[in-house]
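Attaching a single structure in structure tokens format; questions to follow.
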Number of protein chains: 4
Amino acid sequence: MSSKGTPSSIVNAAEELFAEQGFAETTVRQITSRANVNLAAINYHFGSKKGLIQAVAEKFITPLINELSNQMDCYVDTDVKPALDDLLEILMRALLIVRSENQNTLPVFMRLLELAYMNNQEELRDFLIGRYKSRLEHFLDCIRDDSAPMEDDEFFWRLHFMLGSMTFTLSNFQTLHSLEKSRFTSKQSETEMEQILHRMIPVLSAGMQARGEKLYFSKI
Amino acid sequence: MSSKGTPSSIVNAAEELFAEQGFAETTVRQITSRANVNLAAINYHFGSKKGLIQAVAEKFITPLINELSNQMDCYVDTDVKPALDDLLEILMRALLIVRSENQNTLPVFMRLLELAYMNNQEELRDFLIGRYKSRLEHFLDCIRDDSAPMEDDEFFWRLHFMLGSMTFTLSNFQTLHSLEKSRFTSKQSETEMEQILHRMIPVLSAGMQARGEKLYFSKI
Amino acid sequence: MSSKGTPSSIVNAAEELFAEQGFAETTVRQITSRANVNLAAINYHFGSKKGLIQAVAEKFITPLINELSNQMDCYVDTDVKPALDDLLEILMRALLIVRSENQNTLPVFMRLLELAYMNNQEELRDFLIGRYKSRLEHFLDCIRDDSAPMEDDEFFWRLHFMLGSMTFTLSNFQTLHSLEKSRFTSKQSETEMEQILHRMIPVLSAGMQARGEKLYFSKI
Amino acid sequence: MSSKGTPSSIVNAAEELFAEQGFAETTVRQITSRANVNLAAINYHFGSKKGLIQAVAEKFITPLINELSNQMDCYVDTDVKPALDDLLEILMRALLIVRSENQNTLPVFMRLLELAYMNNQEELRDFLIGRYKSRLEHFLDCIRDDSAPMEDDEFFWRLHFMLGSMTFTLSNFQTLHSLEKSRFTSKQSETEMEQILHRMIPVLSAGMQARGEKLYFSKI
DNA sequence: TATGAATGAGCGTTCATTCAT
DNA sequence: AATGAATGAACGCTCATTCAT
């Protein structure tokens with residue numbers, strides 16, 4: 001299951017621990033211990049803990065973006081504009097494909113996105129933006145084309161409302177899954193991550209297509 | 001509002017630092033230093049750093065729930081069922097009121113919710129659930145009454161999609177605000193937090209009211 | 001012998017180890033171990049290892065400068081200008097007094113001066129210059145008054161020739177002492193540090209009073 | 001001069017870094033990185049970091065001693081005894097010649113001498129003494145012949161006062177040069193290392209020829 | 001002959017907490 | 001009630017060296 005080689009063992013162990021505990025809470029000693037490698041190996045192969053986190057990020061995002069691009073190519077030679085639901089399904093499908101190649105570690109990827117938006121993480125943010133922004137633009141343009149008409153800034157914020165739904169739900173999937181099971185024990189809900197991604201599509205889609213803004217509420 | 005007393009100074013300083021840096025990243029030294037109190041004061045007054053975090057949580061959530069209850073009382077003697085948009089506006093309004101009483105620290109509250117959903121945070125989660133769950137149920141029932149008809153589990157997840165939008169957007173407000181300003185410099189966008197809360201209402205509302213689910217995508 | 005209190009124990013242990021091994025070669029674990037205090041005590045009391053080195057520096061230099069000033073005050077109300085030999089004797093005497101208050105640790109002080117002149121030690125250098133430069137100026141002026149007439153830059157370099165003799169001899173006193181004993185075993189030379197300081201006076205004095213410069217040698 | 005071969009590249013890189021930072025402060029990674037060779041190459045070719053330092057030492061001292069011997073041969077067939085100033089000029093000249101063959105790395109040589117006099121460096125000291133002591137004796141005898149009459153031990157110490165001036169001034173030349181420039185900006189002093197060596201001659205000479213010792217100062 | 005990978009030991013520092021007063 | 005001092009544990013990281021090829 002684990003690939004060959006020390007760097008690969010490290011990345012695999014790190015993914016598990018990052019998913020279980022978060023980045024700051026996971027120590028290099030825990031990682032190297034679980035990977036059965038020397039304590040210094042992380043610094044040797046990745047330069048620093050930060051470098052390892054970036055390596056983990058790349059391992060996820062690169063195939064995700066590739067898969068997204070591949071799926072979008074279906075539309076490139078036709079006049080058909082993809083519907084919002086279809087675009088979101090492409091996105092969810094890409095996430096699931098990446099997950100199938102990185103057993104059970106979608107939460108790590110989502111935590112990475114959350115991390116990138118935190119203060120004091122400009123470095124990671126700039127790294128990701130510099131590396132992947134351009135490759136995402138076509139996809140986002142298509143999203144916008146089937147969304148309700150709106151200003152640039154409104155689109156910016158709605159995209160992040162969407163992103164928030166995804167990162168919160170997936171990075172805390174384990175907790176939410178437990179909560180759901182303990183509340184609705186009767187139904188023996190087989191809530192798997194795939195199902196949750198599926199549930200998200202009509203909700204997010206409706207959010208992007210919602211028209212009109214409520215009037216600003218008076219100052220309080 | 002004023003900060004008479006050591007415990008109060010500590011809580012105020014902690015709020016600021018938690019908002020700026022997150023909980024794990026904020027040290028008790030930073031807190032006591034900013035509060036101009038002794039290093040040992042946190043352990044003395046709150047038992048531990050965790051105890052302080054709970055104290056901060058209570059300071060936010062109690063007035064929030066109170067405000068929410070007050071607003072809901074308007075409907076209690078009538079047959080009028082509040083519309084989803086109105087319920088969300090009540091929620092946003094309550095958030096803004098709490099904010100006005102705890103200058104600029106809505107992000108802390110949102111980070112607290114995120115924290116409560118993390119693994120290894122059962123203690124905080126149980127604390128919040130045990131303390132506030134019952135007082136939220138009426139509000140949530142009203143939400144459900146104006147949402148699209150759906151199963152319990154679907155409602156559970158949609159609520160958390162909503163929660164994700166709110167926590168992600170508000171806890172990372174500073175970063176998102178910067179990103180928006182650097183992208184759309186021309187418009188001199190005066191994006192304030194109030195405006196963002198306002199923008200969220202129709203989006204979240206549409207999400208909860210979205211009908212029909214896409215067919216499950218085939219296994220991959 | 002050792003003063004009371006943790007900081008004092010640390011400084012005493014540090015002095016010994018710095019003298020034996022140098023600054024970089026001495027670890028905080030060695031220091032805290034010899035001082036029988038907790039490993040974290042250095043950072044608690046001095047902020048960092050660098051802070052401890054500065055504290056050691058101050059403990060030496062402050063009384064040295066004070067002693068120097070006291071001795072120089074003898075000349076302040078008279079018209080007598082002190083002779084170069086007398087000035088050097090004042091200096092040596094001040095060094096010995098400081099040594100008598102900090103048992104056997106003149107080598108540490110000399111190593112400190114050497115350290116301050118190294119690259120990448122601007123911080124220490126600036127610290128010392130900012131703190132003590134002005135208090136040394138009168139003494140240096142008197143030195144110059146009884147030296148051979150020379151330009152500013154020539155005086156600057158001759159002062160440092162002198163400083164080099166002192167730092168090299170004293171910071172390596174232990175090694176030199178051993179070498180001397182092994183070479184001249186017959187004489188059972190009782191070379192003590194006081195004697196060496198004494199030997200230096202006529203040599204340094206002659207150097208400062210040497211007149212005329214040799215012609216520049218041709219380019220090679 | 002050219003750097004064909006891995007060992008040669010290593011030595012050249014090491015010289016530069018030793019001059020800039022000192023021996024302990026320079027890591028084998030820095031050296032191999034600047035030399036563009038494998039990290040293990042130092043241990044492979046020189047056994048250890050210490051072995052490399054010895055190799056650097058030899059590269060300097062052997063030609064220095066050779067040059068010194070050559071110059072001294074001028075006097076071998078005559079009855080003329082060289083004057084102290086001439087001997088010092090021969091020494092300075094030899095240093096400059098070695099420097100011209102090892103671009104700008106006189107400070108390294110001086111640091112090497114300082115290092116050899118430190119505690120815990122018996123190995124290096126013994127290596128140098130065993131290799132070069134005998135070849136220096138004639139030169140030192142000539143020095144003594146034109147110095148003031150003195151006992152063996154007095155001569156031993158005066159030699160090291162001289163050595164201290166040289167090592168301190170040259171190994172810290174960069175710092176001293178900066179200090180001088182910042183103090184005497186007006187004169188646009190073209191202080192080069194050659195000039196400093198030149199300035200040293202009359203000072204050191206006078207020191208060696210100084211007669212009479214001051215009376216021992218009373219115990220304090 | 002030469003190297004990329006790996007290692008054990010140790011580094012200075014920081015942490016939340018506790019102790020003695 | 002409150003605090004300055006102190007602590008044990010752990011942190012990420014770097015070191016010169018060695019190993020397997």
Side-chain angles (χ1 to χ4, degrees), chain A residues 4-10 23-33 35-53, chain B residues 5-7 9-10 23-32 36-53, chain C residues 4-10 23-33 35-53, chain D residues 5-7 9-10 23-32 36-53:
Chain A
K4 72 249 173 284
T6 297
S8 188
S9 312
I10 291 172
F23 300 99
E25 291 76 12
T26 299
T27 73
V28 300
R29 277 173 177 80
Q30 288 176 321
I31 297 169
T32 51
S33 172
N36 272 115
V37 300
N38 186 273
L39 169 61
I42 286 180
N43 289 90
Y44 178 74
H45 289 285
F46 301 98
S48 68
K49 188 183 173 184
K50 271 190 180 174
L52 171 59
I53 291 177
Chain B
T6 296
S9 312
I10 292 173
F23 301 98
E25 292 75 13
T26 299
T27 72
V28 299
R29 267 182 176 73
Q30 289 175 319
I31 298 168
T32 52
N36 276 113
V37 301
N38 186 273
L39 170 60
I42 285 178
N43 289 88
Y44 180 73
H45 289 286
F46 300 98
S48 69
K49 189 181 174 184
K50 273 190 179 177
L52 170 59
I53 292 177
Chain C
K4 71 245 173 290
T6 297
S8 188
S9 313
I10 291 173
F23 302 98
E25 292 76 13
T26 300
T27 72
V28 299
R29 277 173 177 79
Q30 288 176 322
I31 298 169
T32 52
S33 171
N36 273 114
V37 300
N38 186 272
L39 169 61
I42 286 180
N43 288 89
Y44 178 73
H45 289 286
F46 302 97
S48 68
K49 189 183 172 184
K50 271 190 180 174
L52 171 58
I53 292 178
Chain D
T6 295
S9 312
I10 291 172
F23 301 99
E25 292 76 12
T26 299
T27 71
V28 300
R29 267 183 176 73
Q30 290 176 319
I31 298 169
T32 52
N36 276 114
V37 301
N38 186 273
L39 170 60
I42 286 178
N43 289 87
Y44 181 73
H45 289 286
F46 300 97
S48 69
K49 188 183 174 184
K50 274 191 177 174
L52 170 59
I53 291 177

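Computed from heavy atoms alone, side chains included, the values below leave out hydrogens, waters and symmetry copies. Below, chains carry the letters A, B, ... as their sequence lines are ordered, and counting in each starts from 1.
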Revision key, fill the gap. Whichever of A:Asn36 and D:Ala40 has the more 5' nearest nucleotide on DNA chain E, that residue is D:Ala40
Practice item. Calculate, to the nearest 0.5 Å, the distance between atoms CG and OH belonging to B:Asn38 and B:Tyr44 respectively. Key: 11.5 Å
Exercise for review: Starting at atom CD1 of B:Ile42, determine the distance to atom P of F:dA2, rounded to an integer number of angstrom.
Suggested key: 15 Å
Practice item. Give a yes/no answer on whether the side chain of D:Tyr44 brings an N or O atom under 4.0 Å of OP1 or OP2 in E:dT1. Key: yes
Practice item. Taking the side chain as every heavy atom from C-beta outward, state whether B:Val28 and B:Leu52 have any atom pair closer than 4.5 Å. Key: no
Review point. Once you round it to whole Å, what is the distance between C1' of E:dT14 and CD of B:Gln30?
Key: 11 Å
Check your understanding: Rounded to the nearest Å, what distance is computed from the CG atom of residue A:Leu39 to the C1' atom of nucleotide F:dG12?
Key -> 8 Å
Check your understanding: If you take atom types as modelled and just measure distance, does the side chain of A:Arg29 reach the base of F:dG12 with a donor-acceptor pair under 3.5 Å?
Key -> yes
Check your understanding: Tell me: CG of A:Asn38 to P of F:dT14, nearest whole Å?
Key -> 14 Å
Practice item. Any chance you could measure B:Asn36, atom CG, to B:Thr6, atom OG1, to the nearest 0.5 Å? Key: 10.5 Å
Practice item. Tell me whether the OP1 or OP2 atom of F:dA1 has a side-chain N or O from B:His45 closer than 4.0 Å. Key: no
**Study point:** Under-4.0 Å side-chain N/O to phosphate OP1/OP2 contact, B:Thr6 with F:dA1
**Key:** no
Check your understanding: D:Lys50 has an atom NZ; how far is it from atom C1' of F:dA16, in whole Å?
Key -> 12 Å
Revision key, fill the gap. To the nearest angstrom, the CG-C1' distance between C:Asn43 and E:dC15 comes to 12 Å
Exercise for review: Check every strand shown and say whether D:Thr26 touches a base, only sugar-phosphate, or nothing at a heavy-atom separation below 4.0 Å.
Suggested key: sugar-phosphate
Point to revise | Pairing nucleotide - F:dA20, Watson-Crick or G-U, each distance under 3.5 Å | key: E:dT3
**Study point:** Minimum-distance pair of heavy atoms, taken over all atoms of D:Ala24 and D:Lys49
**Key:** O-NZ, 3.8 Å
Exercise for review: Please report the closest heavy-atom contact between C:Ser9 and C:Ala35, naming both atoms and the distance.
Suggested key: O-CB, 3.6 Å
**Study point:** Between P of E:dC11 and CZ of C:Phe23, the distance in whole Å
**Key:** 17 Å
Check your understanding: Just how far, in rounded Å, is C1' of E:dT18 from CZ of B:Phe46?
Key -> 18 Å
Practice item. Could you check C:Ala24 against A:Pro7 and say which one's nearest nucleotide on DNA chain E is further toward the 5' end? Key: A:Pro7
Check your understanding: Mapping B:Val37 and D:Thr27 onto DNA chain F by nearest heavy atom, which one lands closer to the 5' end?
Key -> B:Val37
